[in-house]
Protein chains: 2
Amino acid sequence: MEVGDLSRVAQDYLKVIWSASEWGEPPITTKGLAERFSTTRANVSETLHRLDDQGLLIYRPYRPALLTPIGRRLAIAMVRRHRLLEAYLARTLGYAWNEVHDEAERLEHAVSELFLARIDEVLGHPAIDPHGDPIPNADGSWPQFGDTAELSEVPPGSYVVLRVSDTDAEQLLQLAEVGMRPGVTVTTSGKDGAITVAGKAVRLDPEQLGAVRVLV
Amino acid sequence: MEVGDLSRVAQDYLKVIWSASEWGEPPITTKGLAERFSTTRANVSETLHRLDDQGLLIYRPYRPALLTPIGRRLAIAMVRRHRLLEAYLARTLGYAWNEVHDEAERLEHAVSELFLARIDEVLGHPAIDPHGDPIPNADGSWPQFGDTAELSEVPPGSYVVLRVSDTDAEQLLQLAEVGMRPGVTVTTSGKDGAITVAGKAVRLDPEQLGAVRVLV
DNA sequence: CCATACAGTTAAGTTAACTTAACTTGTCGC
DNA sequence: GCGACAAGTTAAGTTAACTTAACTGTATGG
């Protein structure tokens, strides 16, 4: 089974369910999926039943959905598509850091494996996307990095930003405006969200701090 | 109304119905659409009713479908998408002449207007795609060329190839193999499909000759 | 001018995906 | 330990898109 055999909706669900737990968070809820896809909880519930029937995940009412090995493999293939496309859009078509996500969400359902192979080659097999998220290899394996932690839970000190979450476009734009992007150095004071980003003093709320992962 | 508001199926129908008459051929039939989309005549019939209801075309049973002004505008927007994408794939991603069509058919439903604007700029606002088909401008107007005719209906002599039809992938590959592509010079003898392409003698059947348009 | 072949249509049924409405479950504060 | 409320589910209905089966129009050759 390949991602091309899945419906657009199935592709979206697998990617989002997998991504929700990428950094150790608890499994995404029915409500969370409904918000993510701007639909009703009822619709999510029914769709999860269908995906269970298709063997992509295990879903028992009132339990969180759990990806099967097949579901996980396909989810990671979707994540690879998304992140490779983000990298391509930023590098070759001049997309701004906060514009790549939406376009990648459109293209990830459409491009062929040939297209992916070509852009992977043009980019020189990149290991991370513009937000710092690792790009899985074609065989599902992962590039290796040091350990990371959320900026919200790290002791005061200086850190190198590795990753900025791209799930909330609004938030991403705010973070981009204060210069927060992979590679910059930030210093946390521990006091109330006051930090310096590339030398400039800024203040971030806890949610914004949680969207930034740094090397520890 | 924009192309993004249409279903994928509606986008396909408008593009194909419009394209069928691009070079003066009669309107495409129900059967023709069914073959083009690998579906049943029944399905085509029902879909045409739906598109009529949506005001995209006029459809009366046993009459050919006729695009409304709105339908035509959207059809041309889809043609622009398709051909711009073909040009982009060939020029920047090393797609072979006969590979671009299939990938463009996937992408044309997915890319945003921003994406189109960017690739149009990268390509320097091209007037033709890799098969020699004209690319409509964003406002629906057309680049100007000299008159063309099918190679099958032209008197013996030498001509410059302007366009090679891409609707049949198999045929396109055959024509590519004998060196038939936009820009080359061909000489017809009038005898039985015997012609020279860029100096080399080859023989083409009438259907193949009909797929090639030359400057007259 | 009419029988017939085939193009075209209608009808009925299916599936994925969605909605709204009504119901159930689970958990948290007291 | 229980009541209330949020989360979750089920049910019923809708729509686009598809299929198969059966029927209808139409154009053409004899």
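Because only heavy atoms are used, hydrogens play no part in the values below, and waters and symmetry mates are left out as well, while side chains stay in. Each chain gets a letter, A, B and so on, in the order the sequences are listed, and its residues count up from 1.
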For Thr40(A), report the nucleic acid contact type (base, sugar-phosphate, nothing); a contact means any heavy atom under 4.0 Å. base
Reckon Ser45(B) touches a base, only the sugar-phosphate, or nothing at all at heavy-atom distances under 4.0 Å? base
Answer with yes or no whether the side chains of His82(B) and His101(B) bring together a donor and an acceptor at under 3.5 Å. yes
With a 3.5 Å cut-off and no angle check, do the side chains of His125(A) and Asn137(A) form a donor-acceptor pair? no
Given atom CZ of Arg36(A) and atom P of dA7(D), what is their separation to the nearest angstrom? 19 Å
In sequence, state the C-alpha distance, the side-chain angles, and the governing distance for Trp97(A) and Val164(A), and then conclude on side chain to side chain contact (heavy atoms under 4.5 Å, CB included). CA-CA 11 Å; Trp97(A) 196 52; Val164(A) 181; 3.8 Å; yes
May I ask you to decide if Asp168(A)'s main-chain N or O and Gln171(A)'s side chain share a donor-acceptor pair within less than 3.5 Å? no
Which of these, Arg81(B), Arg8(B), Arg83(B), Lys15(B), sits in a salt bridge (charged side-chain N to carboxylate O under 4.0 Å, His left out) with Glu108(B)? Lys15(B)
How would you give the extent of chain A contacts on DNA chain C, as first and last nucleotide 5' to 3' within a 4.0 Å heavy-atom cut-off? dA16(C) to dT25(C)
If you draw a 6.0 Å radius around CD in Glu22(B), do more than 12 non-hydrogen atoms from other residues or ligands fall strictly inside? yes
Residue closer to the 5' end of DNA chain C, Val44(B) versus Tyr62(A) (nearest nucleotide): Val44(B)
Using 30° and 60° as the class limits, which term best fits the ring planes of Tyr95(A) and Phe115(B): parallel, tilted or perpendicular? tilted
Give the residues of residues 1-13 of chain B touching DNA chain D, defined as any heavy atom closer than 4.0 Å, sorted by residue number. Ser7(B), Val9(B)
With Tyr62(B), which residues qualify under ring-ring contact (aromatic ring centres under 6.0 Å, His included), at least two apart? none
